[in-house]
Amino acid sequence: PRNRLCFRVHPPIILHIAYTRFFPICQGDTTVLVANGGTHFLWSTGDTTQSIKAYTSQVYRVTVSDDFGCSSNAQKEVTVNVVPTVSVLGNDHFCTGSTTTLYADGTNIASYKWNGTTPGQSLLVSAPGTYTVVVTSAANCTASASMTVTQNDNPVVNVYGNQSFCEGESTVLLASGGTSYVWRNAFNEVLATSPELNVNVGGIYSVTATNTQGCSSILSVRVTEKQL
């Protein structure tokens with residue numbers, strides 16, 4: 001009788017790599033690669049589990065084998081994109097009745113959005129609060145930065161002293177409410193930079209008072225020179 005060689009043919013491994021996040025991903029993100037098919041796994045990273053975490057740009061390769069010694073190979077390229085950088089510049093305060101402008105500055109930025117709605121690199125602010133800008137790169141990676149803006153009160157200016165004097169005499173005006181002062185005449189000429197102003201000519205005089213926050217208020221008074 002002839003010798004017969006018997007063997008069993010096992011079906012090939014159908015290998016597929018699945019993932020938990022669409023590619024590409026952004027710095028700081030992770031996708032999980034899962035090898036479907038077979039029972040034994042060897043990844044190019046040295047891992048021997050069915051799934052691995054991928055967070056760097058490279059080609060991930062896996063060899064899968066079964067209990068019969070059959071094997072198959074597959075690979076998946078993962079691209080990790082750079083996240084944009086951003087910071088908010090500008091004054092973090094403004095005076096009542098005024099505004100301030102915030103600017104978003106950074107790298108790798110394709111678009112800007114302030115507080116979820118307003119587009120543009122800059123934002124005009126007229127109310128106190130916290131303002132956040134979210135920037136997006138061309139690869140759809142995002143970053144954000146915030147600034148809290150406060151509103152400072154303007155000083156309340158008062159002027160004391162006689163607002164009339166007789167011809168040949170003078171009067172002294174005294175301003176209060178600020179920490180620094182500038183007196184001007186009707187021609188906008190600077191007359192004094194102190195709280196007091198000696199007046200010997202009738203006319204309109206204005207004082208600009210500024211407080212410690214840099215906010216200012218202006219008050220004008222008319223001084224009358226009485227003829228003898």
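None of the values given here were measured: they were computed from a predicted structure.
The line from CG of Asp66 to OG1 of Thr39 is 5.5 Å long, rounded to the nearest 0.5 Å. Annotation: the span from Thr48 atom OG1 to Leu42 atom CG amounts to 7.5 Å, rounded to 0.5 Å. Atom-to-atom distance recorded for Ser87:OG and Asp105:CG is 5.0 Å, nearest 0.5 angstrom. Interatomic distance, Cys141 SG to Asp29 CG, rounded to the nearest 0.5 Å: 7.0 Å. With values rounded to the nearest 0.5 angstrom, Thr118 atom OG1 is found 9.0 Å from Lys113 atom NZ.
By the 4.5 Å heavy-atom criterion applied to side chains, Trp43 and Leu33 are counted as neighbours. Side-chain atoms of Tyr131 and Val88, non-hydrogen and from C-beta on, never get closer than 4.5 Å to each other. For the pair Gln213/Asn154, no side-chain contact is recorded, criterion being any heavy-atom separation below 4.5 Å from C-beta on. For the pair His93/Thr100, no side-chain contact is recorded, criterion being any heavy-atom separation below 4.5 Å from C-beta on. Taking 4.5 Å as the limit, every side-chain heavy atom of Tyr55 sits out of range of all side-chain heavy atoms of Val80. For the pair Glu225/Phe165, a side-chain contact is recorded, criterion being any heavy-atom separation below 4.5 Å from C-beta on.
Looking at Gln27, its side chain does come within 3.5 Å of a backbone N or O of Val83 through a donor-acceptor pair. Between the side chain of Ser72 and the backbone N or O of Val64, no donor-acceptor pair lies under 3.5 Å. Side-chain atoms of Asn185 never come within 3.5 Å of backbone atoms of Tyr205 as a donor-acceptor pair (strictly under, hydrogens ignored). Thr31 contributes no side-chain N or O that, together with a main-chain N or O of Lys53, makes up a donor-acceptor pair within less than 3.5 Å. Distance alone, capped at 3.5 Å, places no donor-acceptor pair between the Ser51 side chain and the Val32 backbone.
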Inset, instruction - Show the numbers, then the answer: is there a side-chain hydrogen bond (donor to acceptor under 3.5 Å, both in side chains) between Ser57 and Thr79? - result: CA-CA 5 Å; Ser57 294; Thr79 300; 5.3 Å; no

Legend entry - Full working for side-chain contact (heavy atoms from CB on, under 4.5 Å) between Phe41 and Ile52: CA-CA 11 Å; Phe41 310 90; Ile52 62 170; over 6 Å; no

Inset, instruction - With side-chain hydrogen bond (donor to acceptor under 3.5 Å, both in side chains) as the test, would you mind laying out the steps for Thr142 and Thr136 before giving the verdict? - result: CA-CA 4 Å; Thr142 61; Thr136 305; 5.8 Å; no

Inset, instruction - For Thr99 and Phe94, run side-chain contact (heavy atoms from CB on, under 4.5 Å): C-alpha distance rounded to whole Å, both residues' side-chain angles, the deciding distance at 0.1 Å, then the answer. - result: CA-CA 6 Å; Thr99 60; Phe94 64 96; 5.6 Å; no

Inset, instruction - Start with the C-alpha gap between Gln58 and Thr56, add the side-chain angles, then the distance that decides, and say whether side-chain hydrogen bond (donor to acceptor under 3.5 Å, both in side chains) holds. - result: CA-CA 6 Å; Gln58 61 176 290; Thr56 59; 2.9 Å; yes

Legend entry - side-chain contact (heavy atoms from CB on, under 4.5 Å) assessment of Val34 paired with Gln50: CA-CA 6 Å; Val34 182; Gln50 184 179 3; 4.2 Å; yes

Legend entry - Residues Val207, Leu197; criterion side-chain contact (heavy atoms from CB on, under 4.5 Å); working and verdict: CA-CA 9 Å; Val207 60; Leu197 177 67; over 6 Å; no

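The heavy-atom pair separating Ser146 from Thr130 by the smallest distance is CB-CG2, 4.2 Å.
No hydrogens or angles considered: nothing links the side chains of Thr49 and Asp47 as a donor-acceptor pair under 3.5 Å. At a cut-off of 3.5 Å, with distance as the only test, a side-chain donor of Asn73 or Thr63 sits close to an acceptor on the other residue.
By the side-chain contact (heavy atoms from CB on, under 4.5 Å) test, Thr85 pairs with Thr107, sequence neighbours left out.
No option in Val86, Val133, Val134 other than Val133 meets the side-chain contact (heavy atoms from CB on, under 4.5 Å) test with Tyr112.
In the hydrophobic clustering of this structure, Leu173 does not group with Val182; members are Ile, Leu, Val, Met, Phe, Trp, Tyr whose side-chain heavy atoms approach within less than 4.5 Å, directly or through other members.
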